[in-house]
Visitor: 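The structure follows.
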Amino acid sequence: MRWRSEQILIELIPGSRKGSNFVWAFTLLLGSLEFLLVGTSSYLSRNLISFFPQGIVMTFYGISGLFISLYLWSMLFWNVGGGYHQFDKKRGVICIFRWVFPGRNRRILLRFFIKDIRSIRIEAKEGFYTRHVLYMYIRGQKAIPLTRTYEILTPVEIEKRAAELASFLCVPIEVF
């Protein structure tokens, strides 16, 4: 999602709150509860569900699945990776903000001056795992990715985003 005015451009980053992550977390939770129920029924020597009990192995799968599901639900709850990019021409500052797991450094906030931006770079890798990533190169810093690496964008979409950002910031575009 984007918001743009004459002086400010804001891009919201959804982070881990995607529909597919909700589906996987819910499926994993139900599957691990099923495994745990089968293991418990084997331990109690009762057939609680119509499935042949396998004992300790099923209990192990159930417990490990619950831990993985808990990890996925915590990522969704805390919106890990979510944040925004704010490009403010009026103040001449770029802010890149991200949420990470709770702790002392829960918030990541990077600030740069617009005058320090060297270029906007499109990195295109073709082949079996095709990906297009948009980077911002800043003098004296490493490249900062502006799109998620797992985000599937067509060449037209990535070029459009790069052209809009480069024209807003008045910097050149590089393609690699």
Side-chain angles (χ1 to χ4, degrees), residues 1-37 60-91 93-112 114 117 120-138 141-169 173:
M1 185 174 153
R2 296 177 144 215
W3 181 82
R4 182 177 178 170
S5 71
E6 289 293 322
Q7 298 293 320
I8 297 174
L9 172 65
I10 298 174
E11 297 177 338
L12 296 178
I13 308 298
S16 61
R17 290 188 182 166
K18 299 186 313 182
S20 62
N21 284 349
F22 280 104
V23 169
W24 281 112
F26 186 72
T27 303
L28 189 59
L29 178 66
L30 290 181
S32 63
L33 288 175
E34 180 76 20
F35 276 119
L36 200 56
L37 186 61
F60 171 75
Y61 287 151
I63 291 172
S64 61
L66 282 175
F67 280 121
I68 295 171
S69 176
L70 178 66
Y71 171 75
L72 286 175
W73 283 110
S74 64
M75 278 184 49
L76 292 169
F77 178 74
W78 289 313
N79 195 21
V80 173
Y84 63 86
H85 302 147
Q86 180 180 359
F87 305 94
D88 188 351
K89 286 172 46 174
K90 185 177 181 180
R91 295 185 342 199
V93 176
I94 298 170
C95 295
I96 298 175
F97 178 80
R98 292 288 188 280
W99 290 106
V100 295
F101 279 106
R104 191 168 24 159
N105 299 324
R106 167 108 166 95
R107 297 178 202 126
I108 296 176
L109 179 62
L110 303 173
R111 290 182 190 220
F112 303 102
I114 290 178
I117 297 175
I120 301 296
R121 183 177 287 185
I122 300 172
E123 183 181 290
K125 290 191 178 180
E126 303 294 332
F128 181 70
Y129 180 66
T130 303
R131 70 179 186 144
H132 299 90
V133 182
L134 190 63
Y135 290 98
M136 181 172 53
Y137 277 82
I138 298 174
Q141 302 286 329
K142 290 185 177 182
I144 298 173
L146 297 176
T147 57
R148 298 180 304 272
T149 55
Y150 59 83
E151 187 176 10
I152 300 170
L153 296 171
T154 64
V156 174
E157 290 172 333
I158 198 80
E159 287 173 7
K160 183 180 174 184
R161 286 179 71 176
E164 181 182 353
L165 186 58
S167 69
F168 183 78
L169 298 173
I173 297 176

Visitor: So, for N79 and P14, which heavy atoms are closest and what is the spacing to 0.1 Å?
Guide: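 In terms of heavy atoms, the two residues are closest at OD1-O, 2.8 Å.
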Visitor: Can you check whether F60's main-chain N or O pairs, donor with acceptor, with S64's side chain at less than 3.5 Å?
Guide: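 Yes; judged by distance alone, with no hydrogens or angles, the pair exists.
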Visitor: If you round to the nearest 0.5 Å, how far is CG of L28 from CZ of F35?
Guide: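 Interatomic distance, F35 CZ to L28 CG, rounded to 0.5 Å: 10.0 Å.
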Visitor: Measure across F101 and S74 and return the closest heavy-atom pair with its distance rounded to 0.1 Å.
Guide: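 Scanning both residues completely, I find the closest heavy atoms to be CE2-OG, 4.0 Å.
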Visitor: Per the side-chain hydrogen bond (donor to acceptor under 3.5 Å, both in side chains) rule, what does the pair list look like for residues 99-109, sequence neighbours excluded?
Guide: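 Matches after skipping sequence neighbours: none remain.
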Visitor: Taking all non-hydrogen atoms of both residues into account, name the closest pair between F168 and K89 and its distance.
Guide: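 Minimum heavy-atom contact is O-CD, 3.1 Å.
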Visitor: What are the two closest heavy atoms between S16 and M75, and how far apart are they?
Guide: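 Shortest heavy-atom contact: OG-O, 2.8 Å.
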Visitor: If you compare all heavy atoms of L76 against all heavy atoms of A25, which two are closest, and at what distance to 0.1 Å?
Guide: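 That closest heavy-atom pairing would be CD1-CB, 4.0 Å.
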Visitor: Is any side-chain heavy atom of L134 closer than 4.5 Å to one of I120?
Guide: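 Yes, at least one pair of side-chain atoms sits under 4.5 Å.
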Visitor: Tell me whether Y71 at atom OH has more than 12 heavy atoms from other residues, nucleotides or ligands lying less than 6.0 Å away.
Guide: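 Check fails, neighbour count at 12 or below.
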Visitor: Report yes if the side chains of F22 and W73 come closer than 4.5 Å at any heavy-atom pair, otherwise no.
Guide: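 A side-chain contact exists here, since the closest heavy-atom pair is under 4.5 Å.
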Visitor: Nearest 0.5 Å, please: how far is CD1 in I114 from CD1 in I138?
Guide: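 Rounded to the nearest 0.5 Å, the CD1-CD1 separation comes to 10.0 Å.
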Visitor: Show your reasoning for whether side-chain contact (heavy atoms from CB on, under 4.5 Å) applies to L165 and M136.
Guide: CA-CA 10 Å; L165 186 58; M136 181 172 53; 5.7 Å; no
Visitor: Start with the C-alpha gap between I8 and Q86, add the side-chain angles, then the distance that decides, and say whether side-chain contact (heavy atoms from CB on, under 4.5 Å) holds.
Guide: CA-CA 7 Å; I8 297 174; Q86 180 180 359; 4.3 Å; yes
Visitor: Under a 4.5 Å cut-off applied to non-hydrogen side-chain atoms, are L29 and L66 in contact?
Guide: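 They are in contact (side-chain heavy atoms under 4.5 Å apart), so the answer is yes.
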Visitor: Using side-chain contact (heavy atoms from CB on, under 4.5 Å) as the criterion, point out the one residue from I173, V133, T147 that pairs with I122.
Guide: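 Only match with I122 under side-chain contact (heavy atoms from CB on, under 4.5 Å): I173.
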Visitor: Counting neighbours of OH on Y137 that are heavy atoms of other residues, nucleotides or ligands and sit closer than 6.0 Å, is the number greater than 12?
Guide: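 For Y137, atom OH is crowded (more than 12 foreign heavy atoms under 6.0 Å).
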Visitor: Considering residues, nucleotides and ligands other than F26, do more than 12 of their heavy atoms fall under 6.0 Å from its CZ?
Guide: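 No.
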Visitor: Evaluate the side-chain proximity of I94 to H85: yes if any heavy-atom separation is below 4.5 Å, no if none is.
Guide: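 A side-chain contact under 4.5 Å is absent here.
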Visitor: Kindly compute the distance separating CD1 (I158) from CD (E123), expressed to the nearest 0.5 Å.
Guide: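 Answer for the CD1-CD pair, I158 versus E123, is 10.5 Å.
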Visitor: With sequence neighbours left out, which residue pairs that include part of residues 156-165 fulfil the salt bridge (Lys or Arg N to Asp or Glu O under 4.0 Å) condition?
Guide: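 Found R2-E164, R4-E164, E151-R161.
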Visitor: Using 30° and 60° as the class limits, which term best fits the ring planes of Y84 and F97: parallel, tilted or perpendicular?
Guide: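 The arrangement is parallel - the two ring planes meet at less than 30°.
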